Structures are given as structure tokens and as C-alpha cells.
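Keep in mind that what you see is a predicted model, and the values were worked out from it rather than measured. Proteins come first, then strands; the chains are lettered A, B, ... in the order of their sequence lines, and each starts at number 1.
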There are 2 protein chains.
Amino acid sequence: MTEHPNLMRQAITASDRVLFEIQRAIVEGSIPAGSKISEPEFARRFNVSRAPLREALARLERCHLIERTPNAGVRVVTLTPEGLISLYQIREELEGLACRLAATQMPQAEIAELAALLDQHLSTQRVREGESYYQEAGDLDFHYRVILGSKNPYLINMLCDELYYLVRMYRVQMGMNGPRVSRAFDEHKAILNAIANRDGELADLLMRRHISASRHNIEQQLQAERT
Amino acid sequence: MTEHPNLMRQAITASDRVLFEIQRAIVEGSIPAGSKISEPEFARRFNVSRAPLREALARLERCHLIERTPNAGVRVVTLTPEGLISLYQIREELEGLACRLAATQMPQAEIAELAALLDQHLSTQRVREGESYYQEAGDLDFHYRVILGSKNPYLINMLCDELYYLVRMYRVQMGMNGPRVSRAFDEHKAILNAIANRDGELADLLMRRHISASRHNIEQQLQAERT
DNA sequence: ATCTTCAAATCTGTCGACACCTGTCGATCC
DNA sequence: GGATCGACAGGTGTCGACAGATTTGAAGAT
């Protein structure tokens with residue numbers, strides 16, 4: 001229930017370490033989507049036995065990054081337009097809920113921290129205009145904080161532990177874009193304002209629109225690649 | 001991604017079998033909430049080695065039925081009012097979404113099957129009025145079918161594999177009640193009608209109300225026990 | 001009597017090995 | 001020539017055992 005990547009992400013056990021490495025490799029595409037994973041091979045590659053590797057694989061399955069078929073084997077997921085839509089449908093609902101809850105559950109101090117994070121994003125964004133840093137880390141970190149602010153453990157687990165890496169995988173491997181960055185920042189700011197004003201309904205609505213826009217963006221990107 | 005309990009639930013491997021047994025025992029309370037699970041002890045009890053047991057435990061953690069603390073051990077979750085509220089908040093959103101999707105994604109044949117299921121529930125309900133059969137299996141099976149009808153694999157996984165058993169655990173261990181049964185049946189029928197009419201918005205709204213009412217019901221039950 | 005300290009006991013994480021299953025390739029038969 | 005069948009290789013599921021960590025409990029000190 002408590003992993004909270006990007007923040008405290010120290011591997012305490014061997015299976016943790018392997019999990020983080022494989023997770024990262026899959027998200028970044030070093031391990032190609034759709035490829036098969038052989039347990040003995042990966043166990044050798046990461047210098048562990050099959051036991052911790054299998055535990056890591058079990059957790060990767062939880063993140064929807066791999067798929068197991070009994071007695072057959074493990075495959076990295078394949079990214080599809082349908083999968084992207086299904087994923088974002090859920091994000092809209094759950095992150096909308098997260099905003100509504102955060103508007104009542106986040107203490108002032110946490111809201112202030114989030115505002116500071118946004119300011120920091122702004123400066124980083126201006127410096128490295130066009131780079132993918134913002135979209136890859138910053139955008140997701142904002143969402144991350146809002147979700148944590150909901151204080152709903154199941155919601156946090158689902159979004160931050162189970163769906164987070166798959167979302168990143170889609171964004172990284174679909175290739176990230178430029179022009180939406182500044183607009184996304186404004187949308188984040190509006191959402192934060194709604195939360196600060198304790199207006200859960202508005203924050204919910206804005207977040208749904210924000211995610212919907214992001215989905216349309218990726219869908220366009222995807223359709224452009226298809227030509 | 002494809003377990004689909006209650007329907008095709010045949011244990012293909014040893015860890016499957018152990019998973020089902022422990023899952024059932026936890027939901028029914030045979031293994032008390034909050035109790036610690038010793039891996040060697042349970043391995044002996046179910047006549048398996050620790051390897052398949054650990055895999056079963058990993059999957060139980062996915063269902064939020066147990067909690068692991070590194071290097072410490074495994075404990076069955078404890079049921080709390082806060083946990084119940086958090087759980088139902090998510091159910092409202094996700095099952096609402098499921099209804100909206102089902103209204104456009106369910107083929108006519110599947111809707112007809114669901115209608116038949118409801119009729120069957122009606123007869124069973126009239127025969128064994130007051131028994132808990134309806135609430136425990138029938139009600140959840142209706143929800144189950146609607147979720148499957150959404151055709152969204154992540155949604156199906158989350159609700160049917162990850163949250164389903166925890167919901168059942170709350171309902172079973174909080175003790176199930178009588179008077180809401182017939183009202184719940186009418187609500188199911190209304191939801192089905194909305195789906196059959198391809199009115200996703202209405203189905204969404206009705207499902208949210210239905211789950212909200214169910215939550216209030218359990219909360220009352222819980223508050224009544226506290227006196 | 002209470003708190004501290006330490007050691008035994010237990011448990012978790014990890015390892016290497018074995019049985020059964022799966023998928024493949026080649027041989028045989030129609 | 002195509003299809004069926006059977007051996008082979010590789011892999012997954014499972015087992016028993018060991019090392020490090022943790023909790024328990026008792027002994028000792030204050």
C-alpha cells in the first residue's frame with residue numbers, strides 16, 4: 001500500500017531493486033513492449049535468483065506493465081489506442097474524485113507546498129522550453145501530490161502504485177510533445193486554485209477536462225504517427 | 001487481468017487453490033481480521049510449500065485483504081469505518097463509469113442475460129426472504145455483470161479482482177440486513193432499464209445513488225453496533 | 001517493580017534443484 | 001505435399017534449506 005515512487009523509493013530488498021530496474025526499463029522502452037520475459041534469463045541479468053525476480057514480476061503485473069499466462073510465461077504489455085482510452089477513462093474519474101477529496105482533505109501547509117512546486121515548475125519550464133522534463137516528471141508529480149492529498153488510501157494505491165507507471169509508459173513511448181506544456185501548467189494552476197478555495201466540485205471538473213485534453217493530445221499524436 | 005471469480009474460478013495451480021481458500025476464509029472471517037499470518041504455519045496448514053503460499057499472499061495483497069510490512073510479516077486487514085467510506089467513494093465513481101460504458105458497450109444479448117439474472121434473483125428473493133443469499137451473491141453478481149459489460153479491462157480488473165473481495169468482506173463481517181433487499185432489487189432493475197435504453201448518464205446516476213444508499217445502510221448498521 | 005539488555009526462537013527473504021508443462025522441430029504416415 | 005505424432009529443449013511451478021532480520025522472553029540492573 002505504501003510505495004510512493006519518485007519520493008521515497010529506496011530498495012530495501014533485492015526484489016525491490018529488481019522491480020525498480022525492470023519497471024524503469026519497461027517504461028522507457030529498453031525492454032520492448034510486447035517482448036517476452038524469460039525468468040532464468042532475467043534472473044541472471046540482474047544477479048538474483050528466480051524467487052525475488054518472480055516477486056518483482058508479480059508486482060509488475062499489479063502495475064499492468066506485464067501479463068502472465070499460467071504455465072506459459074510473461075510478456076511486456078503492448079500499447080494500443082484502446083488501452084490508452086480505457087486507461088484515461090479511469091484516470092478522469094479517479095483523479096476527479098481525488099481533486100474533490102483533496103479540496104476538503106489537504107491541510108493548508110500541503111497546499112502551500114503544492115503551490116511552491118508549481119512555481120518551481122514554472123521556472124524550470126521557462127528555462128528548458130520544449131524539453132520533455134515537464135511532461136515526464138513535473139506534470140505527473142503535480143497529479144501525484146493531488147492524489148496524495150485526497151487521503152484515500154485505496155485511491156492513492158490505485159493511481160500512484162498501479163496506474164502511474166503505465167501512464168508514464170504511454171507518455172514516454174508515444175513520444176512527448178511541445179505546445180501543450182504551457183497550457184497544462186495553466187490548468188494545473190487553476191486546479192490548485194480551486195483546491196485552495198476548497199471548491200471540490202470545480203477542482204473535479206477542471207481535472208477531468210485537464211485529463212481529457214491530455215488524452216486528446218496523445219490520441220492526435222498517435223494518429224499523426226499512423227500516417 | 002482475467003480471474004473473474006464466481007464464474008470461472010477453477011484453480012489451475014497450487015497457489016490458485018491456496019489463494020481461493022485463504023481468500024474465502026478471510027472474507028468469511030474464519031481467519032480473523034487483524035490477525036497475523038505466519039508463512040510456515042499456513043504452508044503446513046494448506047499442504048504446500050512456502051513458494052506458492054507467498055504467491056497467494058502477493059495476490060491477496062492486491063485484493064487489499066492483507067498488508068505486508070517488509071521483513072516483518074503479513075497481517076489480515078482490519079475493517080474500519082474510514083476504510084469503508086474510502087472504499088465506497090471509489091466504488092461510486094468506478095461503478096458509475098462502468099454503467100455509463102455498459103450502456104454503450106453491452107450487446108443486446110448480454111443485456112438480455114442480465115435481465116434474466118434479475119428475474120432469477122426476484123424468485124430466489126421471494127422464496128428465501130430474509131436470508132442473506134441475495135445480498136451476498138446476487139447483489140454483487142449484478143454489479144459484477146455490469147462491470148464486465150463496460151468492456152474496460154482496467155476497470156474490470158480493479159473492481160472485480162482488486163476491490164470485489166474487500167467489499168464482500170465488509171458486507172459479510174458487518175452482518176447483512178433485511179429491509180434493503182427489495183429496494184436494492186428495484187434499484188438494480190432501474191439501472192438495467194437505463195442501460196437497456198442506452199441511457200448512460202441515467203445509469204451512472206442511478207448506480208451512484210444505489211451505492212451511496214448501500215454505504216449509508218452499512219454505516220447505520222455499524223453505528224448501531226457501536227451502541 | 002520497572003526498565004534495560006541480551007540471547008533464543010521464529011520468521012522473512014533468498015537460493016539452488018527438481019517435476020511437470022508448453023511449444024518446437026523433425027520424422028513418419030496418409 | 002500436407003498433416004499427425006513423438007521426442008527434445010526450454011520454461012514455469014514447486015520444493016526444501018540457509019542467512020539475515022525481527023520479535024519474544026528471560027535475566028540482570030536500577
Side-chain angles (χ1 to χ4, degrees), chain A residues 1-3 8-23 25-26 31-78 161, chain B residues 1-3 8-23 25-26 31-78 161:
Chain A
M1 178 76 61
T2 45
E3 285 183 18
M8 316 172 299
R9 197 171 165 65
Q10 50 183 351
I12 198 59
T13 173
S15 73
D16 287 338
R17 200 204 74 219
V18 177
L19 167 66
F20 297 156
E21 292 192 34
I22 299 182
Q23 200 170 47
I26 291 179
I31 302 173
S35 62
K36 192 186 173 189
I37 289 182
S38 160
E39 291 185 5
E41 179 198 334
F42 271 64
R44 281 193 304 273
R45 195 201 289 191
F46 292 101
N47 287 324
V48 289
S49 169
R50 277 182 55 214
L53 176 71
R54 279 174 68 89
E55 175 152 344
L57 292 180
R59 295 212 238 160
L60 286 173
E61 193 183 12
R62 243 173 88 163
C63 304
H64 307 276
L65 292 183
I66 64 173
E67 286 171 353
R68 307 183 80 164
T69 46
N71 278 320
V74 177
R75 302 195 80 88
V76 180
V77 294
T78 59
D161 296 339
Chain B
M1 178 78 58
T2 43
E3 286 183 18
M8 316 171 299
R9 197 171 166 67
Q10 49 182 349
I12 198 61
T13 173
S15 75
D16 286 338
R17 200 204 75 217
V18 176
L19 168 66
F20 297 156
E21 292 193 33
I22 300 182
Q23 201 170 47
I26 291 180
I31 302 174
S35 64
K36 192 188 170 186
I37 289 182
S38 160
E39 291 185 4
E41 180 197 334
F42 272 65
R44 281 194 306 274
R45 195 200 289 191
F46 293 100
N47 287 323
V48 288
S49 169
R50 278 182 54 217
L53 176 72
R54 279 173 69 87
E55 175 152 344
L57 292 180
R59 296 213 239 159
L60 286 173
E61 192 183 13
R62 247 173 82 163
C63 305
H64 307 277
L65 291 182
I66 63 173
E67 286 171 353
R68 307 183 80 163
T69 47
N71 277 321
V74 177
R75 302 196 79 87
V76 180
V77 295
T78 59
D161 295 340

**Complete:** Note: A:Val77 and A:His64 closest approach over all heavy atoms is CG1-O, 3.1 Å
**Request:** Check side-chain contact (heavy atoms from CB on, under 4.5 Å) between B:Ala72 and all other residues, then give those that pass, not counting sequence neighbours.
**Result:** B:Thr69
**Request:** Enumerate the residues from residues 45-56 of chain A whose closest heavy atom to DNA chain D is under 4.0 Å, giving them by residue number; use none for an empty result.
**Result:** A:Arg50, A:Arg54
**Request:** Please report the C-alpha distance between A:Arg59 and A:Asp161 in whole Å, then the side-chain angles of each, then the deciding distance to 0.1 Å, and finally whether the salt bridge (charged side-chain N to carboxylate O under 4.0 Å, His left out) criterion is met.
**Result:** CA-CA 10 Å; A:Arg59 295 212 238 160; A:Asp161 296 339; over 6 Å; no
Could you tabulate the donor-acceptor pairs under 3.5 Å formed by side-chain atoms of residues 41-56 of chain B, not counting sequence neighbours?
residue: B:Arg50; atom: NE; partner: B:Glu39; partner atom: OE1; Å: 3.1
residue: B:Arg50; atom: NH2; partner: B:Glu39; partner atom: OE1; Å: 3.0
residue: B:Arg54; atom: NH1; partner: B:Glu39; partner atom: OE1; Å: 3.3
residue: B:Arg54; atom: NH1; partner: B:Glu39; partner atom: OE2; Å: 3.1
residue: B:Arg54; atom: NH2; partner: A:Glu55; partner atom: OE1; Å: 3.2
residue: B:Glu55; atom: OE1; partner: A:Arg54; partner atom: NH2; Å: 3.1

**Request:** First locate atom CZ of B:Arg17, then atom CD1 of B:Ile22, and finally report the distance between them rounded to the nearest 0.5 Å.
**Result:** 9.5 Å
**Asked** In residues 36-43 of chain B, what residues come within less than 4.0 Å of DNA chain C, judged by heavy atoms?
**Response** B:Ile37, B:Ser38, B:Glu39, B:Pro40
**Request:** Under 4.0 Å from any atom of DNA chain D, heavy atoms only: list the residues of residues 71-78 of chain A that qualify, in numerical order.
**Result:** A:Asn71, A:Ala72, A:Gly73
**Message:** My understanding is that only residues two or more places apart in sequence, or in another chain, count here; which of them pass side-chain contact (heavy atoms from CB on, under 4.5 Å) with B:Ser35?
**Reply:** B:Ile31, B:Pro32, B:Val76
**Request:** Starting at CG of A:Leu19, measure out to CD of A:Glu21 and round the result to the nearest 0.5 Å.
**Result:** 10.0 Å
**Complete:** CD1 of A:Ile66 to NZ of A:Lys36, rounded to nearest 0.5 Å, is 12.5 Å
**Value in whole Å for how far the P atom of D:dT12 lies from CD1 of B:Ile12** = 17 Å
**Protein-nucleotide distance (A:Arg68, atom CZ; D:dT12, atom P), rounded to Å** = 9 Å
**Message:** What range of DNA chain C does chain B touch, first nucleotide to last, counting atoms under 4.0 Å from its heavy atoms?
**Reply:** C:dC11 to C:dT14
**Asked** Who pairs with B:Arg75 by salt bridge (Lys or Arg N to Asp or Glu O under 4.0 Å), at least two apart in sequence or on another chain?
**Response** none
**Item:** From A:Thr78 atom OG1 to A:Glu67 atom CD, the distance as rounded to the nearest 0.5 Å
**Value:** 6.5 Å
